[in-house]
Amino acid sequence: MFQEAKSHPNGARAGLLKTRAATINTPFFMPVATRGAVKGLEPGEVKATGAEVLLANTYHLHLAPGETQVRQLGGLHQFARWPGPILTDSGGFQVFSLSHVRKITEEGVIFKDPASGLQTLITPEKSMRIQLDLGSDIIMAFDDLTGLDPKKAKVREEEAVERTHRWLLRCIKEFKRLTAKTPKAKRPLLFGIAQGGLNKELRRQSVEFVQSTEVDGLGIGGLSVGEGTKEMHAMLKFLAPLYDPSKIHYLMGVGEPNNMRYAIEQGIDIFDCVLPTRNGRHGSVWISGEKKLNLKNTSHLTDTDPIDKACDCYACQQGYTRAYIRHLFKVNDPLGGKLASLHNLRYLQRICERYR
RNA sequence: GGGCUCGUAGUGUAGCGGUUAACACGCCUCCCUGUCACGGAGGAGAUCGCCGGUUCGAUCCCGGUCGGGCCCG
């Protein structure tokens, strides 16, 4: 359940999201723990960056170790030692990101696991079951996400939006069936996802449709998939007045600092993104002044500054120099990626904290 | 002293009588948005040990020379 506490003339708002695991202040950013871990980081380290909710992935955890295994081991919270809320992505994004190894039908999506070669059918119903088995606190509807292929975009986009809506109804039905006996306070939340690519009319219809259902939150999907910043911002601005203020608004996959700020001022409450951790592991960090720094660059060979003098993250506070972290990257020590990840995560958390 | 073998980018290796000499690693720069991802894309870098010969043309063939390695005395 979401409760708006205050809003700012700039469009940003702060509030509380009540989940069965904890009540969280919004806006917030979720680090991505696809397979149950924020790559290379322990839960305590992630928490220390200010993160309170983690995002895990239905498809990846279904493949390994499997939801039955996770359930038998006490659920994802127990398994991964993260007591806070966990949001699970439905596997819908993999319809897009693994588009070369999947086939969409009305029933669901057949994925071919590139590692084992095994084929798996994920349907809206199955996605609900997996997420409940995992023990997720915020369950995402299974959606159909298109890319931005300019040739097929229009037809495919309409089809994707309509299918996403049909699948949402199936998700809700299955979710209700499976949680019928669960007391309301112990039930996870269910978020629906609006699609529509860069088509405003489709987007409007989709947002309105999703908000008209019984979902607890509205996910904005299908952005940050290759469109330019201008297009994305224009869409966020267009959508802002359409949101139901009593619902929470989750912009899926966005986490580039500028985009996040912009989105918060367009009424967005939740974010997730792989950028802070993936970029971190690849040596790229954000520093004050909206700058990006590549720690692997030779210019840091003898650089005794911390990543960012103004930063309060663990890596900067410990006094690790850019020269040292560069060295770690050069010799392939995972500590480099870890420190940079912690730094980037903290950078995004500070943005959210300021808005709160 | 005799025989054999090797010498090509920072390193390790390909290669072939014929236009810009290949590959891996390393190096440099950029990229990454609901994670197939310690990943991806570009780039710099070699007078092919040296001298001479054969040839229309030599990194490649021949001779010499220098350097490394192995074997026999």
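So that the names make sense, note that chain A is the first sequence line, chain B the second, and so on, each numbered from 1. Just so it is clear, the model here is predicted, and its values are computed rather than measured.
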Checklist entry - With rounding to whole Å, what would you report as the distance between B/G40 and B/C25 at their P atoms? => result 10 Å
Checklist entry - So what is the 5' to 3' dot-bracket string for RNA chain B, if pairs are Watson-Crick or G-U wobble with both distances under 3.5 Å, crossing pairs use [ ] and | means the partner sits on another strand? => result (((((((..((((....[...)))).(((((.......))))).....(((((..]....)))))))))))).
What pairs of donor and acceptor atoms, side-chain ones from residues 54-66 of chain A against any protein atom, are under 3.5 angstrom apart with sequence neighbours left out?
| from | atom 1 | to | atom 2 | distance (Å) |
| --- | --- | --- | --- | --- |
| A/N57 | OD1 | A/Y59 | N | 2.7 |
| A/N57 | OD1 | A/H60 | N | 2.9 |
| A/N57 | ND2 | A/Q94 | OE1 | 3.0 |
| A/T58 | OG1 | A/D89 | O | 2.4 |
| A/H62 | ND1 | A/E67 | OE1 | 2.8 |
| A/H62 | ND1 | A/E67 | OE2 | 3.3 |

Checklist entry - Distance between the P atoms of B/A24 and B/A58, in whole angstroms? => result 31 Å
Next on the checklist: Do A/S246 and A/D244 pair up side chain to side chain, a donor and an acceptor below 3.5 Å, judged on atom types alone?
Outcome noted: yes
Checklist entry - Can you tell me if A/Y355 and A/E265 form a side-chain donor-acceptor pair at under 3.5 Å? => result yes
Checklist entry - Do the side-chain N and O atoms of A/T49 and A/E45 include a donor-acceptor pair separated by under 3.5 angstrom? => result no
Next on the checklist: For the P atoms, the ones on B/U19 and on B/A37, what distance do you get once it is rounded to whole angstrom?
Outcome noted: 44 Å
Next on the checklist: Using atom C1' in both nucleotides, what's the gap between B/U59 and B/A22 to the nearest angstrom?
Outcome noted: 13 Å
Item to check | Criterion side-chain contact (heavy atoms from CB on, under 4.5 Å) against A/I220, the qualifying member of A/R203, A/M252, A/H249 | outcome: A/R203
Checklist entry - Does the side chain of A/D137 come under 3.5 Å of the side chain of A/H77 through a donor N or O and an acceptor N or O? => result yes
Item to check | Atom P, compared across B/C60 and B/G15: separation rounded to whole Å | outcome: 15 Å
Item to check | Inter-nucleotide C1' distance (B/G45, B/C23), Å rounded | outcome: 15 Å
Next on the checklist: Under a plain distance cut-off of 3.5 Å, with no hydrogens placed, do A/D144 and A/T164 share a side-chain donor-acceptor pair?
Outcome noted: no
Checklist entry - How does protein reach along nucleotides 28-35 of chain B, written 5' to 3' as B (base within reach of a heavy atom under 4.0 Å), S (only sugar-phosphate), or - (no contact)? => result SSB-BBBB
Checklist entry - Side-chain donor-acceptor pair under 3.5 Å between A/D312 and A/Q317, yes or no? => result no
Checklist entry - Considering only the C1' atoms, how many Å lie between B/C66 and B/U13, rounded to the nearest integer? => result 23 Å
Checklist entry - Taking atom C1' in both B/G63 and B/G18, what distance in whole Å separates the two? => result 24 Å
Item to check | Donor-acceptor side-chain pairing of A/S116 and A/D113 below 3.5 angstrom | outcome: yes
